[in-house]
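Report on the following structure.
Each ligand, and each atom within it, is numbered from 1 in the order the structure gives. These numbers were taken from a predicted model, which means no experiment stands behind them. Hydrogens, waters and symmetry mates are skipped; everything else that's a heavy atom, side chains included, is used.
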Amino acid sequence: DERLRLATRNTSEVVTVEELRKVFEEKEKPKGYLGFEPSGLVHVGWLVWMFKVRDLVEAGVDFYLLEATWHAYINDKLGGNLELIRKAARYTRIVLEAIGVPEGRVKYVDAEDLASDKDYWGLLLKSAKQVSLARVKRALTIMGRRVDEGETDFSKLIYPLMQVTDIFYLDLDIAVGGTDQRKAHMLTRDIAEKLGLKKPVAIHTPIITGLQGPGGRMESGLEADELAAEAKMSKSKPETAIFVHEDAEAVEAKIMKAYCPPRITELNPVLEINKYLLFQQPGFTLVIERPEKYGGTITVEDYSVLEKLYAEGKIHPLDLKKATASALNKLLDNVRRRISSDPGARS
Ligand code: NAL
């Protein structure tokens with residue numbers, strides 16, 4: 001049905017579609033949830049899950065967004081300054097509103113409120129009893145880097161169980177996140193089964209590869225979710241990411257420098273921006289302007305057509321980049337306007 005179509009479009013994985021179908025059959029307003037670490041920066045990779053939140057709200061999901069302040073603190077965002085992290089959460093709300101998820105349509109949950117309840121810690125310890133230390137360590141790759149045990153402070157080991165507990169605490173039907181959250185969500189489902197708690201359906205959205213491309217990681221033997229997590233756009237590596245606040249010239253310059261080898265469609269960030277963001281907008285067409293002698297201007301109405309033409313070498317990387325930069329700038333204009341008209345947005 002229509003709700004299922006909205007919920008599953010532009011996802012990399014749903015665990016499981018059958019369970020999701022049941023949730024929609026049984027509930028008028030199922031509970032959905034996504035957590036994010038506020039850092040004061042939002043890059044276009046985040047827009048993928050933001051559009052998914054918009055889809056789910058439209059599908060009638062009662063949606064909760066967790067401002068994961070403690071989690072950001074654990075991951076040393078903003079120098080581990082909780083006060084700054086709280087302020088950064090406000091900025092994310094403004095970006096969400098600009099892309100069509102206004103505050104009135106979702107509920108914001110404060111991680112510090114959850115953690116201030118003693119029941120939260122009981123639930124965390126009961127969850128911790130069900131898993132081995134080795135399994136928790138594996139879930140740590142969700143942060144997009146493998147963890148060097150000697151270098152890591154101990155708080156990072158608590159993080160995956162906090163994420164599991166957050167989900168149980170709110171009694172969720174649906175957990176949403178990028179594919180980099182897969183291990184945390186699978187851990188949650190396994191623990192739910194052991195404790196006899198509600199097992200949330202996991203909806204995973206695609207990750208946009210960093211502008212530098214996958215580097216040497218393709219041959220590294222990583223699983224798909226691990227590869228995506230390691231090669232993704234990252235706020236901590238600004239040269240890999242396009243931020244929603246950057247001006248049109250900066251966005252264009254970054255795209256022009258991006259990894260985009262001729263004919264290569266896999267882990268190609270420029271194609272992914274088309275696939276996961278631009279072509280997801282209703283009625284979008286990509287206009288590739290070229291002089292007559294290079295084949296003339298073409299208008300592409302469907303992503304699969306673009307991918308095929310690119311794989312066949314019929315579109316030059318430079319032409320793809322120019323067209324993509326111009327279309328992405330159009331999409332970002334609205335967000336940029338909203339941010340710049342809000343005095344508190346970027347403070
Ligand atoms: C996502 C994050 C933190 C806490 C969560 C709790 C419940 C569901 C999802 C959550 C942030 C995420 C990240 N781990 O890496 O951005």
Go through ligand 1 atom by atom and flag the ones less than 4.0 Å from a non-hydrogen atom of [X].
X	result
H71	3 (C), 4 (C)
Y33	7 (C)
L66	4 (C), 5 (C), 6 (C)
Y159	2 (C), 3 (C), 11 (C), 12 (C), 13 (C), 14 (N), 15 (O)
A68	3 (C)

Just heavy atoms, cut-off under 4.0 Å: does Q163 contact ligand 1 by side chain, backbone, both, or neither?
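The answer is both, backbone and side chain.
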Under 4.0 Å, heavy atoms only, figure out whether ligand 1 is touched by the backbone of Q181, its side chain, both or neither.
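Within the 4.0 Å criterion, Q181 contacts ligand 1 through side-chain atoms alone.
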Is it true that a side-chain atom of K31 and a backbone atom of F63 form a donor plus acceptor pair closer than 3.5 Å?
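Not at all, since once roles are kept as given, no pair shorter than 3.5 Å links the two residues.
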Is the closest side-chain heavy-atom distance between V131 and L161 below 4.5 Å?
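A side-chain contact under 4.5 Å exists here.
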Could you see if L123 belongs to whatever hydrophobic cluster contains L125? Use Ile, Leu, Val, Met, Phe, Trp, Tyr and a side-chain cutoff under 4.5 Å.
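The answer is yes; both residues are in one hydrophobic cluster.
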In terms of hydrophobic clusters joined by side-chain contacts under 4.5 Å, are V48 and I255 together?
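Both belong to a single hydrophobic cluster.
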Shortest reach to atom 8 (C) of ligand 1 by a heavy atom, considering only D166, N75, T188, I167
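Looking at heavy atoms only, I167 sits closest to atom 8 (C) of ligand 1.
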Sole residue of R135, Q130, H185 in side-chain hydrogen bond (donor to acceptor under 3.5 Å, both in side chains) with D190:
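It is R135, the one option of R135, Q130, H185 that forms the side-chain hydrogen bond (donor to acceptor under 3.5 Å, both in side chains) with D190.
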I would like to know whether T69 and E112 meet side-chain hydrogen bond (donor to acceptor under 3.5 Å, both in side chains); could you show each step before the answer?
CA-CA 7 Å; T69 48; E112 291 169 77; 3.1 Å; yes
